[in-house]
Amino acid sequence: MNNYFNPKQNAMQKADMLLRKAAASAYPNTELPNYVVEIPSDNKNGDFATNIALAGAKSFHAAPRMIADKLVANIDLEGSVFSKLEIAGPGFINFFLGDGYYCDVINGVLTEGDDYGRTDYGKHTKVNVEFVSANPTGPMHLGNARGGALGDCLAAALDWAGYDVTREFLINDAGNQIVKFGNSLAARYMQIFKGEDAVEFPEDGYQGEDIKTLANEFKELVGDEYVNKPNELNKAITDFALPKNVQGLKDALRKYRIKYDVWFSETTLHEEGAVKAIIDKLNEKGATYEKDGAVWYKASEYGAEKDEVLVRANGIPTYFASDIAYHYNKFVTRGFDIAIDVWGADHHGHVARMKGAMDAIGLDGTKLDVVLMQLVRLVKNGEQIRMSKRTGKAIALTDLLDEVPIDSARFFFNLREPQSQMEFDLGLAVSEDSDNPVYYVQYAHARICSIIKNLAAEGIEFKGAAQCNISLASTNEERELIRHIAAFPDEIIAAAKNYDPARITRYTVELATIYHKFYNVCRVKETQEDLCQARLALCCATKTVIKNALTMLKITVPEYM
RNA sequence: GCGCUGGUAGCUCAGUUGGAUAGAGUGUCUGGCUACGAACCAGAAGGUCGGGGGUUCGAAUCCCUCCUGGCGCACCA
């Protein structure tokens, strides 16, 4: 049983139980049709509605309205959370919640406090969320900013929904791109001494200014020591630069308020022989073959489009090989039940073959979930700012965070669902006025704090939910507010289930809107005492939910603005 | 060419997994502070849900087809 407080879900289940009971007595020995109990878009149609009479026309052998009449006649609302039923339209049965429900919601929220919204939906399933995992060969870019906000908030949603969550960053500190990184650094280092024209820069090298900066720092440290030791230069300068870059990633992400549980080094997989072991394993399963001097994996037999190289002709394993070993490590060595990878949409070709590879090594590919995220278009004054890693003019994450407040960046990147091609409006994100939705939500919180403070100054304190009669808060605005507050735990579950934390961000905007409407219609101050207390209870409950939601998203919750 | 993914109000996007008259924000226009924070609220206007077929009591949602934007199809990661 669920010990957590999830009022909406509970009430919905109660509605469903009443329906089943009614159907059992009205139509004994008849199989129930596929029906739903849902929340109508217009609350004139009740708090919950069911299509059971429409969907059951065939199995109950009657017209929908007749079925609805018969079912309703068999439902007794006495002692339930519902105050009335209605039959509407073609045969919908609508449930209306009663006073008791609204009181329970506010009472429950204030009792749960900082924990309101948590459920045990995930049943402590061990889930690993890997996100950003930017190459340590250069600074992070705008896409990583979205991936960071997305991954971190998804992890938070899973945590609140009762999963056992690990946030993880994979450091790609092995393989081809590190070799390229070293070659680029070495060339820049040599150019310092011999001139740019005398030393050829690798055609596929990293062009960015940061490579020159690192080479210069290395020169400051060791002078010309390596000019005549070309064989040792590459390793020495890589060993110098790589940790610096990794530290840069850590610093930038910490500034972005992301704290990882695990920084996983790809190199350790090679050192421990895990990559070789996984290739052997595939080999044993008969899933490999040799061609042109390379070892291939029969990916096409496991759902992928075509076969893939595991070990190049030069003997170096591909990233794909180490990625299989890495996920084997997640599932088998560390025992995660689910692995979620947040990738840029440009990696979608990798999805089917990774899942297939999990099946090929005897694991379950369906336990690997990939959240594909579309890249971001940066827009300022209606014009797109293109980013290019090659020209070195990329918009770095650190640059973005220097310009855009963290609250704003995290909020914006979580406003759209992952697969949408979002636009990031730099002008809007920087603006500190009402156009910026993050302030709209924070404003609602600050407003509530102000009301509470003003009342306290007049000697009026909130006496606690148990001491007040919430049913006095009976206007549409008040009821709407309570209903939305009640939906918070379900919204988190939906975000976790659909891997879409943007739902929570949008939820906070809706909550703020509903609160502002309430504020404009219902005075708290200078109101008859009982009603004042009831409305104060609503304010406190709203404050709790905004605080919990924004805290979950790691956005500050100001009391003044 | 094949695959993934999008196309909903002028613009940016929702739409609770097939439900009731398709919704927000923004922009435009009009109202509301000698009242708890006007960083707010109310109202108006704005739609062939890319086009066309199909499935059924019922489609933005599912199927087929066409148009179109983005991305991917390396012994890169």
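Lettering of chains follows the sequences in order, A, B, ..., and the numbering in each one begins at 1. Just so you know, these numbers use all the heavy atoms, side chains as well, and skip hydrogens, waters and symmetry mates.
A/His516 comes within 4.0 angstrom of the backbone, heavy atoms only, and of no base. Among the protein residues, A/Glu458 comes within range of no part of the nucleic acid, since none of its heavy atoms lies under 4.0 Å from any strand. A/Ala88 comes within 4.0 angstrom of a base, heavy atoms only. Across all strands shown, A/Ala446 has heavy atoms under 4.0 Å from base atoms, whether or not it also approaches the sugar-phosphate. Residue contacts shown for A/Ala487 are absent, as no nucleic acid heavy atom lies under 4.0 Å away.
The base of B/A77 has none of its N or O atoms less than 3.5 Å from a complementary donor or acceptor on the side chain of A/Asp346. The base of B/G72 does not come close enough to the side chain of A/His347 for any donor and acceptor atom to sit less than 3.5 Å apart.
Taking A/Asp280 as the reference, A/Lys276 meet the salt bridge (charged side-chain N to carboxylate O under 4.0 Å, His left out) condition, with sequence neighbours excluded. Listed by chain and residue number, A/Thr475, A/Arg535 satisfy the side chain to side chain donor-acceptor pair (under 3.5 Å) test with A/Glu478 (two or more places apart in sequence, or in another chain). For the salt bridge (charged side-chain N to carboxylate O under 4.0 Å, His left out) test, residues two or more places apart in sequence or in another chain that qualify with A/Arg523 are A/Glu526. With sequence neighbours excluded, no residue satisfies salt bridge (charged side-chain N to carboxylate O under 4.0 Å, His left out) with A/Glu559. Annotation: salt bridge (charged side-chain N to carboxylate O under 4.0 Å, His left out) contacts of A/Asp407 (sequence neighbours excluded): A/Arg257. Judged as a side-chain contact (heavy atoms from CB on, under 4.5 Å), and not counting sequence neighbours, the contacts of A/Asn183 are A/Val179, A/Pro202, A/Asn234. Remark: A/Phe488 pairs with A/Tyr116, A/Tyr507 by the ring pair (Phe, Tyr, Trp, His ring centres under 6.0 Å) rule, at least two apart or across chains. Under the side chain to side chain donor-acceptor pair (under 3.5 Å) criterion, A/Gln374 pairs with no residue, sequence neighbours left out.
Listed nucleotides: B/G32, B/A77, B/C4. Nearest to the side chain of A/Asn520: B/G32. The A/Tyr519 side chain lies nearest to B/A38 when the options are B/C57, B/A77, B/A38.
Of all the residues in residues 293-307 of chain A, A/Ala294, A/Glu305, A/Lys306 reach under 4.0 Å from RNA chain B with at least one non-hydrogen atom. Residues from residues 521-541 of chain A with heavy atoms under 4.0 angstrom of RNA chain B, sorted by number: A/Cys522, A/Arg523, A/Val524, A/Lys525.
Contact annotation: A/Asn454 side-chain N/O to B/G37 OP1/OP2 distance is under 4.0 Å. Not one side-chain nitrogen or oxygen of A/Tyr560 sits closer than 4.0 Å to the OP1 or OP2 atom of B/A39. In this model, the phosphate group of B/C76 is approached by a side-chain N or O of A/Asn176 to a distance below 4.0 Å at OP1 or OP2.
B/C33 has its base syn relative to the sugar, with a glycosidic angle deviating from 0 by at most 90°. Taking the syn range as angles within 90° of 0, the glycosidic angle of B/U8 is outside it, so the base is anti.
Taking atom P on both B/U21 and B/A59, the two are 11 Å apart, rounded to the nearest angstrom. For B/C62 and B/G19, the P atoms lie 11 Å apart once the distance is rounded to whole Å. To the nearest whole angstrom, the two P atoms, one in B/G15 and one in B/A9, are 15 Å apart. Using P as the reference atom, B/U34 and B/U48 are 42 Å apart when rounded to the nearest Å. Across B/G50 and B/A60, the matching P atoms stand 10 Å from one another, rounded to whole Å. Between the P atoms of B/A14 and B/U5, the separation comes to 16 Å (whole Å).
Judged by distance alone, the side chains of A/Asp341 and A/His347 never bring a donor and an acceptor atom under 3.5 Å apart. Side-chain atoms of A/Thr137 and A/Gln177 include no donor-acceptor pair closer than 3.5 Å. Between the side chains of A/Tyr289 and A/Asp307, at least one donor N or O sits under 3.5 Å from an acceptor N or O.
Comparing A/Thr50 and A/Lys291 against RNA chain B, the residue whose closest nucleotide sits nearer the 5' end is A/Thr50. Taking for each of A/Arg447 and A/Glu266 the nucleotide of RNA chain B with the nearest heavy atom, the 5'-most of the two is the partner of A/Arg447.
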Which donor-acceptor pairs under 3.5 Å do the side chains of residues 84-95 of chain A make with protein atoms, sequence neighbours left out?
residue : atom : partner : partner atom : Å
A/Lys84 : NZ   : A/Glu86 : OE2          : 3.2
A/Asn94 : ND2  : A/Asn45 : O            : 3.3

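Both thresholds, 5.5 Å between centres and 30° between ring planes, are met by A/Phe92 relative to the base of B/A20, so the two rings are stacked.
The CD1-P distance, from A/Ile451 to B/G37, rounds to 6 Å in whole Å.
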Would you mind building the protein contact string for nucleotides 12-17 of chain B? One character per nucleotide, 5' to 3', B for base within reach (heavy atoms under 4.0 Å), S for sugar-phosphate only, - for untouched. SSSSBB
